[in-house]
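Positions are given from 1 along the sequence.
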Amino acid sequence: MAIAADVSNEASVAAAIASAAQALGGLDGLVNVAGVFPTAKLEDTSLEMWQRTLAVNLTGPFLVARAALAHLRSADAATIVNLGSASAIVPFPELSAYGASKGAMATLTKVWAAELAPKIRVNIVCPGMTRTRMVSSWQTDPVALADRAKSSYAMQRIAEPGEIANAILFLTSFESSFVTGTTLVVDGGRTFH
């Protein structure tokens, strides 16, 4: 089932959550993964770019979680997993808006974890570079990407999407029933390498 929504639009989010809850018979999990990744030096970061990035990457998860909250509270046990970024831990240059949005999302995750426990667990996954359209639009040269991975990542490669999905799956499963407020860094060793 797919439902289109603009996560930065409150009415669009509310309609999507209501449709999903009706179709699924309620909600017991939420994964906030929508995001944008603009790159620009500080002096080239327009106000429009800044505002759009925060609207999608930070306000979007807030609107989605708030719209889903009543459904999540009705479940026996529920989870929220937010998608952050290793850039929130060890930032890259030229990512002012992106880094700020992901750093704020990491803090917001902890606030929600404290506020919504014990019924709803809230965690954040912070991936490193992952083989997605978002990364390929930023790093268009595959040789340069491979060289960057070898020099920046202990695993000497970037992640495959399934590796990030498995981390999210763990945090939504019963196997992580005592985990909340945690930042799970899935970055092949970039943040310590």
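Taking the side chain as every heavy atom from C-beta outward, Met1 and Leu24 approach each other to under 4.5 Å. In this structure, Pro93 and Leu95 have side chains that are not in contact, with every pair of non-hydrogen atoms separated by 4.5 Å or more. Looking only at side-chain heavy atoms (C-beta outward), Val81 and Val122 stay at 4.5 Å or farther from each other.
Residues Ala5 and Ser12 approach most closely at CA-OG, 3.3 Å, considering heavy atoms. Nearest heavy-atom pair, Val125 versus Val186, reported as atom, atom and distance to 0.1 Å: CG1-CG2, 4.0 Å. Considering every non-hydrogen atom in both Pro127 and Gly84, the closest pair reads CD-O, 3.6 Å. Listed here is the closest heavy atom pair of Leu58 and Met105: CD1-N, 3.9 Å. Shortest non-hydrogen contact noted between Ser19 and Ile3 is CB-CD1, 3.6 Å.
Side chain of Ser176 to backbone of Ser173: a donor-acceptor contact under 3.5 angstrom is found. Ser8 places no side-chain N or O within 3.5 Å of a backbone atom of Ala55 that could act as its donor or acceptor partner. A donor-acceptor pair under 3.5 Å links the side-chain atoms of Asn123 to the main chain of Val179, judged by distance alone.
Of the inter-residue distances, the one linking Asn82 atom CG with Thr109 atom OG1 reads 4.0 Å to the nearest 0.5 angstrom. Interatomic distance, CG of Leu184 versus CD1 of Ile168, reported as 9.5 Å (0.5 Å rounding). From Thr180, atom OG1 reaches atom NZ of Lys110 across 9.5 Å, with rounding to the nearest 0.5 Å. A distance of 5.5 Å separates OG in Ser87 from OH in Tyr98, rounded to the nearest 0.5 Å. Atom OG of Ser177 and atom CG of Leu171 lie 11.5 Å apart (nearest 0.5 Å). Between Thr79 atom OG1 and Lys119 atom NZ the span is 13.0 Å, to the nearest 0.5 Å.
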Distance-only donor-acceptor hits, side chain of residues 59-74, under 3.5 Å, sequence neighbours excluded:
from  : atom 1 : to    : atom 2 : distance (Å)
Arg66 : NH2    : Glu10 : OE2    : 2.4
Ser74 : OG     : Ala70 : O      : 3.1

Let me have the donor-acceptor pairs involving side chains of residues 41-49, under 3.5 Å, with sequence neighbours excluded, atom names and distances please.
from  : atom 1 : to    : atom 2 : distance (Å)
Thr45 : OG1    : Lys41 : O      : 2.9
Ser46 : OG     : Met49 : N      : 3.0

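Under the 4.0 Å criterion applied to side-chain N and carboxylate O atoms, Arg157 and Glu163 are assigned as salt-bridge partners.
Checking Arg121 against Thr172 by side-chain atom types alone, no donor-acceptor pair falls below 3.5 Å. Side chain to side chain, Ser101 and Asn57 meet the donor-acceptor criterion of an N or O pair below 3.5 Å. Looking only at atom types and distance, the side chain of Asp187 has a donor-acceptor partner in the side chain of Thr191 under 3.5 Å away.
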Begin with the C-alpha distance, continue with both residues' side-chain angles, and end with the deciding distance and a verdict on side chain to side chain contact (heavy atoms under 4.5 Å, CB included) for Ile80 and Ile120.
CA-CA 7 Å; Ile80 298 173; Ile120 302 171; 4.1 Å; yes
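Transitive grouping of hydrophobic side chains (ILVMFWY, heavy atoms separated by less than 4.5 Å) keeps Leu83 and Ile124 in distinct clusters.
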